[in-house]
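Proteins come first, then strands; the chains are lettered A, B, ... in the order of their sequence lines, and each starts at number 1. Values in this document were obtained by computation on a predicted structure and should not be read as measured data.
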Amino acid sequence: MPEIEYRFGEIEQKWRDYWAAVELYKARDDDPRPKYYCLDMFPYPSGSGLHVGHWRSYVLPDAWSRYMLLKGYNVLHPMGWDAFGLPAENDAIQKGIHPEVNTRGNIENFRRQLVEMSPMYDWSREIDTTDPEYYKWTQWIFLQMFRKGLAYQKLMPINWCPSCKTGLANEEVVGGKCDRCGAVVGTKDLNQWMLKITAYAERLLHGLDELDWPEKVKTMQRNWIGRSEGARVRFTAFDTDGREHPLEIFTTRPDTLFGATYMVLAPEHPLISKLTTNDRSAQVHAYIEKARNAAEHDRTGATEKTGQFTGSYAVNPMNGEKIPIWIADYVLMGYGTGAIMAVPGHDERDYAFAKTFGLEVREVIASRKAKGGGFYTGDGEMIASGEFTGMPSAEGRKAIVGWIAEKGIGESAIQYRLRDWVFSRQRYWGEPIPIVHCGACGAVPVPENELPVRLPEVERFQPTGTGESPLAAIEDWVNVPCPACGAAGKRETNTMPQWAGSSWYFLRYTSPHNNEALLGPEGKKWLPVDMYVGGVEHAILHLLYARFFSLVLHDVGVIDFREPFKRLFNQGMITRKGKSGRVEKMSKSKGNVVNPDDLIRSHGCDALRLYALFVGPPEMDAVWNDEGIDGTFRFLKRAWKWVCDSNGQWREEPSRQMLTHRHLLVKKVTERLETFRLNTVVSAMMEFINAVHALDEKPDRETVDVFLVLLSPFAPHFAEELWERTGHAPSIFKQSWPQWDEEFTTFDTVTIAVQINGRMRGRLTLDHGAVEESVLEAARNDHDLRRHIENQEILKVIYVPDKILNLVVA
RNA sequence: GCCUGGGUGGCGGAACUGGCAGACGCACCGGACUUAAAAUCCGGAGUCCCUUACCGGACGUGCGGGUUCGAUUCCCGCCCCAGGCACCA
């Protein structure tokens, strides 16, 4: 009597051990098959462990990797830990444990939970961004940037989170609040390390064109980079002593230069002190002080316009007119030149400002709207514009740029919204920046052969709150001789942001144990990444930073490609209906997490894997249903019984119907996999089992083999176990993905829908391939259809073979 | 305001290129098996109307139009929801 009960617990443990023992998932550098690199966004190992939302994120790329393996690729599917950074440190402080110890424990727990999912990770390539052997190379990359002038220091007001007690990148400030903790972000003047990502703006923008990424993500990156074409134009400002100063502005609308009726400087603009007249001085200084204290986000988004007149004037180079110079916080020092020409007739913000302060509004582009007030931002015929009057504005833009270039008062210019990247953090748990400050030599790089600069062992790692890193207090670590001159120097005590380690980790998986190079010759064959799977929350920051690092590493000769991720897939989040009925994200803080450990015990890993895919379209958010896993579990039990009941009693030749079901299954599963419709792949499997169950005949051996191979990427233990029980040697993952024959994908009979005047009136079951005449004949003879056709004149017949017959009658 | 997505039964969702709307699954209802329950198996089900019942009919993919023999799918005009950006000159 063969064992026919589906004992998922034993089976899953058995095969997990077996696969590990035979190193099934080891990606070998010398494997002759074509390579395929499928990458998961590696997790930050938090203390709360995995929930079923993580399962969805990792099962999808795992099923895809197994599919590529069966298609004959040499698959690299690695995993590691993004373990530096603020959350890890805050978590450790809260628990009163050293971040290193805490992080190690979290990683252990995460790895244990991930193994229960049975992903085909090659654990021999596991990496950890906090491992000195890893961050040695993060520091090395920083030194390359320093040498190229891409890493530089700047005293600047930075976004300062009073709760995390550190500076933040613009990207980490969301709606004026800290992306991590939600505290309102202020500003602080600190000497910061910056990365000159703006130097790569154009390449980061153009590189997007060739990528097989979701349009949404590409659009978000394009908007973030924010390229604007226009011109820089130098007006002449007169200071309080009557001296001339060039006052440069950037505009995207040089065609409206004749409409400039005043100018506005950002409150931080360096020329303000020279331009402010005595009688205006008190108001201007008060205004600057107010603007200083407000963080940039308070200034953006406000619609009410504020400002002050400096008392000085500038000359518009187009027409020689004298126009007043104002200061206002709606002009940002960080964009363009920090000064604008204001054209209230053709710009919404300038119009609002002009209305508030009673400044002149002048129309220089013809429009219906502007008559009697208002502004018009569209194109049109230029009016009151000197020699350019009568030109269409698009043409006028070019003509005026040509004219100012000839006169030497301006030129065409391209402006980006992207800012340089604030790269230092005043915290302990990050990569030390490998620089020594020397009184004589300045900032001196630590020699490469002295890397890594290790984090010192410390008792106190809490932030100081003074703007200084906790590392500054570790005297014997800080005080070192200058690598250049040998004089007394001090180490840089700021650390790198969490993004540093994650900006290049995908490279290190390909040569994780190479001590000589970041990327060894053995690793190059794997790159670039063929498929990158992760959440859309990384659409801008992580993906932009990783692309930037790749371009830099390309330029210093480490890699020979520019774009690291050829294809990107963003999977949706798992949500849950809350008590109020509202759908909310599944998270520890919301207290709505579903723990996979319980479900593995009650239904098994395979049933959970299947449900994680079946729950909804992969790219969309999906609502978790606690009972949903019962469906995929029942399916597995039915499939189990179908195979075990027939095991050893195979039918010699499959029936035509069985054959059709088999070929249709291969076709459906393959096509839906290729387009990432994983939820419908599972449906197809279920439909197949329902159909063969209804057939009531023993299957042939090949049909069962094909079914098991198709199922194996999704329910690997289940498929492997039945593969063995039906007399094959493991592993099923050494098999090839099955093919289908289009000829066998249609059944002998088809159901044809019949419409009369576009309304569904009945169905006919006929032989596949019936011609129009015989279908019409059958319709005339059909009991239910006859009465709709009798005594009617058939005006038109539309017949789509094997699908539909539509009769137009009168 | 701008840029993306999305809106289909009680619920999650399916529908290739304009061709039977609601596959598959959850929950639900009925039946079989059982002392009983669980498990399993068989069957039912968009809404409404007519009918004792059978048969039948109307409506139906956010709303309003249009194209077409035929529209969840294409076109025009709106509404709502989610995400991103937002004084960027």
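Taking the side chain of A:Ile540 as heavy atoms from C-beta on, and the options B:G70, B:G84, B:A89, the nearest nucleotide is B:G84. Listed nucleotides: B:A23, B:C3, B:C20. Nearest to the side chain of A:Glu687: B:A23. Side-chain proximity of A:Met686 to the nucleotides B:C41, B:A89, B:C24 is greatest for B:C24. Distance from the side chain of A:Arg417 is smallest to B:A86 among B:C41, B:A39, B:A86. Side-chain proximity of A:Lys803 to B:A27, B:C85, B:C16: nearest is B:C16.
The 5' end of RNA chain B is approached more closely, in terms of each residue's nearest nucleotide, by A:Met220 than by the other of A:Gly338 and A:Met220. Between A:Gly616 and A:Val682, it is A:Gly616 whose nearest contact on RNA chain B lies nearer the 5' terminus.
For the ring pair (Phe, Tyr, Trp, His ring centres under 6.0 Å) test with A:His663, the passing option among A:Phe688, A:Phe744, A:Trp740 is A:Phe744; the others fail.
Looking at heavy-atom distances under 4.0 Å, A:Val800 makes contact with a base. Using a 4.0 Å heavy-atom criterion, one finds that A:Glu627 contacts the sugar-phosphate atoms exclusively.
Contact between A:Leu766 and A:Ile752 at its shortest, heavy atoms only, is CD1-CD1, 3.8 Å.
The aromatic rings of A:Phe633 and A:His603 sit perpendicular to each other, their planes meeting at more than 60°, with 30° as the lower class boundary. Using bins of under 30°, 30° to 60° and over 60° for the plane-to-plane angle, the ring pair A:Tyr351/A:Phe375 lands in the tilted bin.
In this model, the phosphate group of B:U40 is not approached by any side-chain N or O of A:His693 to a distance below 4.0 Å at OP1 or OP2. Put simply, A:Lys216 has no side-chain N or O that comes within less than 4.0 Å of OP1 or OP2 on B:G84. Applying the 4.0 Å criterion to OP1 and OP2 of B:A14, one finds that A:Asn679 has a side-chain N or O inside that range. Remark: A:Lys796 is in phosphate contact with B:C69, judged by side-chain N or O atoms under 4.0 Å from OP1 or OP2. Here A:Arg672 does not reach the OP1 or OP2 of B:C16: none of its side-chain N or O atoms lies under 4.0 Å away. Close to B:C69, at under 4.0 Å from its OP1 or OP2, lies no side-chain N or O of A:Arg759. Distances shown here put a side-chain N or O of A:Arg634 below 4.0 Å from the OP1 or OP2 atom of B:C26. The side chain of A:Arg677 places no N or O atom within less than 4.0 Å of a non-bridging phosphate oxygen (OP1 or OP2) of B:A14. At the phosphate of B:G25, OP1 or OP2 sits under 4.0 Å from a side-chain N or O atom of A:Asn690. Of the side-chain N and O atoms in A:Ser228, one or more sit less than 4.0 angstrom from OP1 or OP2 of B:A89.
When the C1' atom is used for both B:G19 and B:U73, the distance is 11 Å, rounded to whole Å. Atom C1' of B:G9 sits at a distance of 10 Å from the matching atom of B:U61, rounded to the whole Å. For B:G46 and B:A23, the C1' atoms lie 14 Å apart once the distance is rounded to whole Å. Rounded to whole Å, the separation between the C1' atoms of B:G22 and B:G7 comes to 16 Å. Comparing B:U47 with B:G60, their P atoms are spaced 16 Å from each other, to the whole Å. Nucleotides B:U17 and B:A71 are separated by 14 Å at their C1' atoms, to the nearest Å. Between B:G65 and B:G57, the two C1' atoms lie 27 Å apart (nearest whole Å). B:A82 sits 49 Å from B:A32 when the P atoms are compared, rounded to a whole Å.
Cation-pi geometry between A:Lys305 and A:Tyr330 is satisfied (NZ or CZ under 6.0 Å from the ring centre, within 45° of the ring normal).
Across all strands shown, B:G64 forms a Watson-Crick or G-U wobble pair, both distances under 3.5 Å, with B:C76.
Nucleotide B:G6 is shown with an anti base, its glycosidic torsion being more than 90° from 0.
Using a 4.0 Å cut-off between a side-chain N of Lys or Arg and a carboxylate O of Asp or Glu, A:Glu619 and A:Arg677 do not qualify as a salt bridge.
Side-chain contact between A:Ile327 and A:Gln308 is present, with heavy atoms from C-beta onward closer than 4.5 Å.
Put simply, the side chain of A:Lys305 and the base of B:C87 share a donor and an acceptor less than 3.5 Å apart.
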